[in-house]
Amino acid sequence: GENVEQHPSTLSVQEGDSAVIKCTYSDSASNYFPWYKQELGKRPQLIIDIRSNVGEKKDQRIAVTLNKTAKHFSLHITETQPEDSAVYFCAAFSRGSQGNLIFGKGTKLSVKP
Amino acid sequence: GAVVSQHPSWVICKSGTSVKIECRSLDFQATTMFWYRQFPKQSLMLMATSNEGSKATYEQGVEKDKFLINHASLTLSTLTVTSAHPEDSSFYICSAGPTSGRGAVGELFFGEGSRLTVL
């Protein structure tokens, strides 16, 4: 089945700097890769996603890149703000599980003012 | 976006009792819903896939007799933690999407989560 690795587990940046979180996946048939942001005690919220027919997608300060050959995808947050502080999870769509997402272990991002 | 509602948000129960958690899709039909457990500072771990009108599919290591799942309609799935013990204390979250389980890939929406504390 699919396996998703996420790095780093913690990331601390100064306000205004960029943050990059990287994930790798194992199943070459996976074709959907969302990123979720989860604040403490709350539900995960989708912030951006990318499908396998696209190499990059941007939404204001957030971008995701996908390298299908290397089977890795990354989240880029520019001009970070304190409210970006949260845990971020990458995920990959697992064909073998009726549409389930396999999640990475998460990255705790801290943006210092 | 689509809305998934989960109830209750918080529940405290005595050891040995059973607790039921509901997950509802409010504005779409979900043939498949997913149940996760999340321990503090950890990721979302899939417990089981709930299928409308049929048996749930459990992940390896998850006891089906302890975590009973019922998907009685296209908008409701329930998770019952039977004979709860302190080690079952956790944050339980469900998710679903308009296309989940239908062979298509699409966004999954999460419920608010239910924090279970077993005394």
Side-chain angles (χ1 to χ4, degrees), chain A residues 1-11 21 23 25 27 29-54 57 59 64 66 86-110, chain B residues 1-7 9-10 23 30-52 54-60 62 71 77 90-115 117:
Chain A
E2 177 65 278
N3 183 49
V4 177
E5 298 283 340
Q6 182 172 349
H7 299 280
S9 57
T10 60
L11 179 60
I21 303 171
C23 288
Y25 61 98
D27 186 354
S30 291
N31 59 0
Y32 176 64
F33 307 93
W35 286 89
Y36 286 86
K37 175 183 179 182
Q38 187 179 29
E39 296 178 358
L40 190 63
K42 296 187 178 180
R43 75 179 95 190
Q45 298 274 12
L46 179 75
I47 55 171
I48 196 167
D49 57 12
I50 191 167
R51 294 175 186 267
S52 59
N53 58 347
V54 176
K57 184 177 178 181
D59 183 4
V64 56
L66 171 65
V87 179
Y88 291 80
F89 293 99
C90 63
F93 171 69
S94 173
R95 285 187 176 278
S97 301
Q98 301 174 266
N100 177 51
L101 292 173
I102 304 300
F103 287 88
K105 292 189 184 300
T107 297
K108 183 178 180 181
L109 174 64
S110 299
Chain B
V3 179
V4 175
S5 178
Q6 194 171 335
H7 177 82
S9 301
W10 295 84
C23 180
T31 56
T32 301
M33 292 184 173
F34 305 100
W35 286 96
Y36 305 84
R37 181 163 57 183
Q38 187 177 35
F39 291 109
K41 299 183 180 181
Q42 294 190 23
S43 187
L44 296 142
M45 298 303 297
L46 179 68
M47 298 176 64
T49 302
S50 173
N51 304 297
E52 188 268 335
S54 64
K55 291 183 179 180
T57 305
Y58 289 82
E59 296 300 302
Q60 191 172 8
V62 178
H71 197 142
S77 175
S90 187
F91 193 50
Y92 293 87
I93 314 179
C94 67
S95 74
T99 59
S100 58
R102 300 180 183 182
V105 173
E107 181 177 354
L108 285 181
F109 299 89
F110 286 85
E112 301 94 327
S114 300
R115 186 164 299 285
T117 302

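Letters go in sequence order (proteins before strands), and every chain restarts at 1.
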(message) Quick check on the interface: out of Q42(B), Q38(B), R115(B), who has the most heavy-atom pairs with chain A under 4.5 Å?
(response)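 Among Q42(B), Q38(B), R115(B), the one with the most close pairs to chain A is Q38(B).
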(message) Within this structure, what is the CD1-CG distance for the pair I102(A) and L46(B), rounded to the nearest 0.5 Å?
(response)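 One finds 6.5 Å between CD1 of I102(A) and CG of L46(B).
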(message) For P44(A), which atoms come within 4.5 Å of any heavy atom of chain B: side chain, backbone, both, or neither?
(response)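 Both the backbone and the side chain of P44(A) come within 4.5 Å of chain B.
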(request) With a 4.5 angstrom heavy-atom cut-off, could you sort out which part of Q38(A) is near chain B: side chain, backbone, both or neither? (result)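 For Q38(A), side-chain heavy atoms alone lie under 4.5 Å from chain B.
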(request) May I ask you to decide if G104(A)'s main-chain N or O and S43(B)'s side chain share a donor-acceptor pair within less than 3.5 Å? (result)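 Confirmed, S43(B) side chain pairs with G104(A) backbone.
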(request) Give, as side chain, backbone, both or neither, the part of I93(B) having an atom under 4.5 angstrom from any heavy atom of chain A. (result)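 It is the side chain, since no backbone atom gets that close.
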(message) Is F110(B) in contact with chain A via its backbone, its side chain, both, or neither, using a 4.5 Å heavy-atom distance?
(response)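 Both backbone and side chain.
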(request) Only counting residues at least two apart or in another chain, list the ones meeting side-chain hydrogen bond (donor to acceptor under 3.5 Å, both in side chains) with W35(A). (result)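 Not a single residue meets the side-chain hydrogen bond (donor to acceptor under 3.5 Å, both in side chains) criterion with W35(A).
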(message) Holding to ring-ring contact (aromatic ring centres under 6.0 Å, His included), I want the full list of residues that pass it with Y88(A), two or more places apart in sequence or in another chain.
(response)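 Y88(A) satisfies ring-ring contact (aromatic ring centres under 6.0 Å, His included) with no other residue.
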(request) Could you walk me through whether R43(A) and Q6(B) pass the side chain to side chain contact (heavy atoms under 4.5 Å, CB included) test, one step at a time? (result) CA-CA 10 Å; R43(A) 75 179 95 190; Q6(B) 194 171 335; over 6 Å; no
(request) Report yes if some heavy atom in the side chain of L108(B) is under 4.5 Å from a heavy atom in the side chain of Y32(A); otherwise report no. (result)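 Counting from C-beta outward, L108(B) and Y32(A) never come under 4.5 Å.
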